[in-house]
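Here the structure comes first, spelled out in structure tokens, and everything after it is commentary.
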Amino acid sequence: MEQQRIILSEERPEDWFDLIIDYFNSHELYYGHGTINADHEASIILNWASEHSKNYQAIVNVCNERVISRKPLAYLLGEIEFASLLFAISPDTIIPRSPIGELIEDDFQPWLNLEKNDRVIDLCTGSGCIAIAIAKYYKDLQVIGTDISEQAIRQAEKNAIAHGVGEQINFIHCDLYPPKEARFKLIISNPPYVPSAHIEDLPKEYRWEPHMAFDGGADGLDIIHRLINGASERLRDDGILILEVGESQLAFENYYKKLETIWLEFTNGGEGVCVITAQALKDYFS
Ligand SMILES: C[S@@+](CC[C@H](N)C(=O)[O-])C[C@H]1O[C@@H](n2cnc3c(N)ncnc32)[C@H](O)[C@@H]1O
């Protein structure tokens with residue numbers, strides 16, 4: 001029979017790592033909100049406890065809640081790593097996990113060279129993780145981040161200040177693109193792309209995240225169409241769009257057969273992210 005609650009001996013902390021793994025593995029948990037398996041979650045919990053001086057009871061509580069509520073670990077701990085940076089997380093925003101983080105850490109090579117004064121916009125910014133990671137890695141750049149959720153914008157602003165890049169990023173509460181301004185060298189986005197009918201079928205962990213972070217309409221492409229149309233008018237001639245379409249890659253490829261799209265590969269896993277150049281957009285719309 002399944003054990004509902006974890007049993008850890010307070011006197012034997014050396015056993016905790018293995019016991020947490022066994023406990024998680026004996027339950028049906030989904031990993032994919034910034035963690036990859038039970039071992040990863042056990043090590044994050046023990047690191048968190050030591051970093052924040054949490055006691056034995058706090059560890060037991062987190063493990064039990066993870067199994068009983070199926071809440072993603074990042075919400076239970078209030079933090080998660082993205083692009084090697086630690087982000088404070090609240091239930092108002094989706095948990096950062098986009099493979100775009102790896103691309104930022106790799107300096108966008110070989111796709112893009114960002115220089116001082118280049119303009120960058122992160123659409124659908126959520127916690128602000130992408131905009132903030134770019135600002136951290138490129139100290140001279142000014143970045144814009146937008147989101148339709150006011151709570152997300154507030155969380156993103158707090159995160160930017162916590163990372164010391166509050167002055168570098170302008171977070172705007174708006175529907176996709178802000179009013180038109182000068183053209184961008186980089187438009188980057190991890191927008192909602194889950195087909196509406198699939199949302200109910202996602203593992204229980206997803207129910208703790210804001211619904212509007214997922215809903216991409218009937219075929220998952222509603223926001224993506226608007227994003228592509230807008231990018232064609234807002235990119236510089238040497239600019240690029242980096243777009244995550246996740247599980248809607250097939251629907252995207254079927255719809256945009258004539259748009260030259262480069263699909264990226266990631267060392268740390270993840271797919272459904274593409275690069276589209278300004279020239280490709282120009283050709284597509286001409
Ligand atoms: C998949 S989440 C990505 C968040 C963040 N970029 C990340 O990678 O963690 C999508 C985000 O898009 C926002 N969103 C949904 N519709 C939007 C719209 N029309 N305009 C701007 N943001 C929107 C949601 O509030 C959510 O924060």
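Remember, it's 1-based here, ligands and their atoms both numbered in the order they're listed.
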Please determine if Arg66 forms a cation-pi arrangement with Tyr31, meaning its NZ or CZ atom is less than 6.0 Å from the six-membered ring centre and no more than 45° off the ring axis.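 Positive - Arg66 is close enough to the ring of Tyr31 and near enough to its axis.
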
Does NZ or CZ of Arg119 lie under 6.0 Å from the centre of the six-membered ring of Phe184, at an angle within 45° of the ring axis? yes

Whether Cys174 lies under 4.0 Å from ligand 1, heavy atom: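 Yes, Cys174 has a heavy atom closer than 4.0 Å to ligand 1.
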
Does ligand 1 have an atom under 4.0 Å from some heavy atom of Thr93?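 The answer is no, since Thr93 has no heavy atom less than 4.0 Å from ligand 1.
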
Taking every heavy atom of Ala38 against every heavy atom of Phe24, the minimum-distance pair comes out as CB-CB, 3.8 Å

I need the minimum non-hydrogen distance between Gly101 and Ala83, along with the two atoms involved.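 Smallest interatomic distance, heavy atoms only, reads O-CB, 3.9 Å.
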
Candidate with minimal heavy-atom separation from [atom], of [options]:
atom	options	result
atom 21 (C) of ligand 1	Ile148, Ile172, Ile223	Ile148
atom 6 (N) of ligand 1	Gly246, Ser189, Ala131, Cys124	Cys124
atom 26 (C) of ligand 1	Leu123, Ile94, Asp147	Asp147

Do [X] and [Y] have a side chain donor and acceptor closer than 3.5 Å?
X	Y	result
Thr125	Asp122	yes
Glu244	Ser189	no
Glu41	His33	no

Hey, is ligand 1 close enough to Asp175 that some N/O pair sits below 3.5 Å?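 It does: an N or O of Asp175 is found under 3.5 Å from an N or O of ligand 1.
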
Which bit of Pro210 gets closer than 4.0 Å to ligand 1, counting heavy atoms only: side chain, backbone, both or neither? neither

Of the backbone atoms (N, CA, C, O) and the side-chain heavy atoms from C-beta on, which set of Thr125 has a member under 4.0 Å from an atom of ligand 1: side chain, backbone, both, or neither?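 Thr125 to ligand 1: backbone contact only, side chain stays beyond 4.0 Å.
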
Identity and separation of the nearest protein heavy atom to [atom]:
atom	answer
atom 1 (C) of ligand 1	Ala213 O, 3.1 Å
atom 9 (O) of ligand 1	Cys129 SG, 3.4 Å
atom 3 (C) of ligand 1	Asn190 O, 3.1 Å
atom 20 (N) of ligand 1	Leu176 N, 2.8 Å

Counting only N and O atoms by type, is there a donor-acceptor contact under 3.5 Å from the side chain of Trp111 to the main-chain atoms of Ile240? no

Which atoms from ligand 1 have a heavy atom of [X] less than 4.0 Å away?
X	result
Ser149	25 (O)
Met212	15 (C), 24 (C), 25 (O)
Gly126	4 (C), 27 (O)

Please verify the inter-ring angle class for Tyr138 with Phe108; under 30° counts as parallel, over 60° as perpendicular, anything in between as tilted. parallel

For Tyr206 and Tyr30, run ring-ring contact (aromatic ring centres under 6.0 Å, His included): C-alpha distance rounded to whole Å, both residues' side-chain angles, the deciding distance at 0.1 Å, then the answer. CA-CA 9 Å; Tyr206 286 84; Tyr30 172 82; 5.5 Å; yes

